[in-house]
Amino acid sequence: MEVRKVFLTEDEMPRQWYNILADIKMNPPLGPDGKPINPEDLAPVFPMNLIEQEMSTERWTDIPEDVLNVLSIWRPSPLVRAISFEKALDTPAKIYFKNESVSPPGSHKANTAVPQAYYNKVFGIKRLTTETGAGQWGSALSFACGQFGIECKVFMVRVSFDQKPYRKSMMEAWGGNCVASPSTETQTGRDVLKESPDTPGSLGIAISEAIEQAVGDESGQTRYALGSVLNHVMLHQTIIGLEAKKQMDKIGEYPDIIIGCAGGGSNFAGLAYPYVYDKINGKDIAIYPVEPTACPTLTRAPFAYDHGDSAKYTPLLPMHSLGHTFVPAPIHAGGLRYHGMAPTVSQLAAEGIIEPKSVNQLAAYEAGVLLARTEGIIPAPETNHALAYVVEEARKAKEEGKEKVILFTFSGHGLIDLAAYDKYFAGKLNDYVLSEEEEHKFETCFENNPKPELLKSC
Ligand SMILES: *Cc1c(COP(=O)(O)O)cnc(C)c1O
């Protein structure tokens with residue numbers, strides 16, 4: 001029998017995370033005055049130990065023993081060779097994936113939820129607030145907070161709250177509390193509801209609500225947690241790629257191609273950054289983040305300074321952004337509907353070290369269903385976007401007659417997203433491509449940008 005799965009023992013789990021900031025130069029985040037922010041500026045929002053990680057340029061960070069203990073509930077995650085999928089595609093390419101769907105909440109988000117809950121706990125924080133789109137991050141953080149005995153409050157984007165009721169059930173099973181956003185609990189929420197009572201909500205609004213509530217707690221015991229985009233999140237996710245390298249070593253393989261879907265960039269970065277390190281040091285390897293054509297942050301939006309949320313609470317981050325007021329088309333990959341992109345992913349794209357791609361919704365589902373019918377596992381709508389591009393590379397390998405080794409992140413399973421699959425099977429899902437008219441809205445959004453020289457195309 002051919003090798004189908006590669007496992008590591010718990011002893012072989014990586015003991016350190018890799019920090020890409022040791023190996024690339026970044027523009028700093030800016031405050032409202034247009035000057036680089038200080039660690040203290042972030043202190044009302046995040047605990048100081050995580051702020052230090054956010055700003056650190058040390059290449060390696062030790063993973064605390066208490067964090068490893070919780071991660072070992074499901075890690076190391078399996079490396080899987082998708083042999084039946086390869087056969088169906090009739091490709092000479094070998095296709096491997098890191099199966100991050102085996103975590104309790106069903107996605108890679110638990111890899112950062114656990115350390116974030118831990119660092120807040122040891123800093124003396126009693127309660128975390130956050131936002132969630134499709135519900136994956138909210139459920140991951142509820143699970144992690146439950147492990148460390150702290151409270152978790154989740155603002156869930158209204159449209160997903162209504163579409164995916166079982167995500168709320170999961171959060172409650174782990175002891176979290178979830179409300180639809182916009183809510184009546186915050187000034188931001190009340191203001192939005194007054195203007196548009198029937199709004200479907202957005203991630204930008206939900207982030208504003210969560211930050212407002214964290215900063216507004218006068219006891220000082222509440223902080224906010226973010227599931228993607230920030231440097232410390234990318235850091236925690238590198239355990240994916242560090243494990244993958246050990247697993248590929250065991251079977252004598254090295255990837256030619258790395259692929260991950262990119263919403264805020266974290267599952268992609270988690271797999272890719274340890275390989276980006278190799279690429280910076282001379283390895284020949286192609287690295288592709290894949291986004292939806294409906295929310296083409298890396299492939300069409302300018303590289304600029306923008307806020308992470310609609311109410312402009314966050315510092316200005318140097319990133320590819322569609323503008324903090326952007327509300328994308330209602331594609332079902334909720335985790336890929338964010339207006340911005342991790343600053344480190346944006347920087348690597350600007351330097352040409354990684355090469356962004358975009359795929360349409362129907363191609364994504366087609367690839368996802370093919371995986372389900374061959375390998376059995378049903379992917380999350382986000383993961384389907386990575387898969388659509390895997391299919392494209394597998395076809396190219398066939399045309400060229402080359403035995404390419406492709407490695408991608410299977411970021412999560414789709415068992416809570418089956419309503420979206422129902423729509424796909426009923427022919428009710430559409431392709432969306434951002435229109436030129438919408439693209440031109442960028443210009444007004446970035447009118448007051450403090451660093452116009454960072455703008456590529458606006
Ligand atoms: C949140 C999520 C994503 C997108 O977020 P990234 O930070 O880009 O990884 C992708 N896949 C799944 C399953 C998710 O839950």
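Both backbone and side-chain heavy atoms feed into the values below; hydrogens, waters and symmetry mates do not. As the structure lists them, so they are numbered: ligands from 1, and atoms in each ligand from 1. None of these values were measured; they are calculated from a predicted model.
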Aromatic plane relationship, His232 with Phe46 - under 30° parallel, 30 to 60° tilted, over 60° perpendicular: perpendicular
Which label fits His339 and His324: parallel for a plane angle under 30°, tilted from 30 to 60°, or perpendicular past 60°? perpendicular
Return the closest protein heavy atom for [atom] as residue, atom name and distance.
{"atom": "atom 4 (C) of ligand 1", "value": "Gly335 O, 3.3 Å"}
{"atom": "atom 12 (C) of ligand 1", "value": "Ser411 OG, 3.5 Å"}
{"atom": "atom 2 (C) of ligand 1", "value": "Lys109 NZ, 2.4 Å"}
{"atom": "atom 10 (C) of ligand 1", "value": "Glu382 CB, 3.4 Å"}

May I ask you to list the atoms of ligand 1 that are less than 4.0 angstrom from any heavy atom of Ser266? 6 (P), 7 (O), 8 (O), 9 (O)
Counting each atom of ligand 1 from 1 as listed, which ones have a heavy atom of Gly412 under 4.0 Å away? 13 (C)
Test of ring centre spacing under 6.0 Å for Phe148 and Tyr118: yes
Between Phe155 and Tyr224, is the ring centre distance below 6.0 Å? no
Glu291 side chain to Thr299 side chain, donor-acceptor N/O pair below 3.5 angstrom: yes
Taking distance alone, with no angle check, do [X] and ligand 1 share an N/O pair under 3.5 Å?
{"X": "Gly264", "result": "yes"}
{"X": "Leu336", "result": "no"}
{"X": "Ser228", "result": "yes"}
{"X": "Thr383", "result": "no"}
{"X": "Gly263", "result": "yes"}

So, applying side chain to side chain donor-acceptor pair (under 3.5 Å) with Ser208, which one of Thr186, Thr314, Asp309 is it? Asp309
Heavy-atom distances under 4.0 Å decide this one: backbone, side chain, both or neither, for Ala262 against ligand 1? backbone
Which residue is it: Asp62, Thr61, Val67? I am looking for the one with a side chain to side chain contact (heavy atoms under 4.5 Å, CB included) to Pro64. Val67
Would you verify whether the NZ or CZ of Lys245 falls within 45 degrees of the ring axis of Tyr277 while also being under 6.0 Å from that six-membered ring's centre? no
Within-shell test, His108 vs ligand 1, heavy atom, strictly < 4.0 Å: yes
Sidechain-backbone polar pair: Thr383 side chain, Pro379 backbone, donor-acceptor under 3.5 Å: no
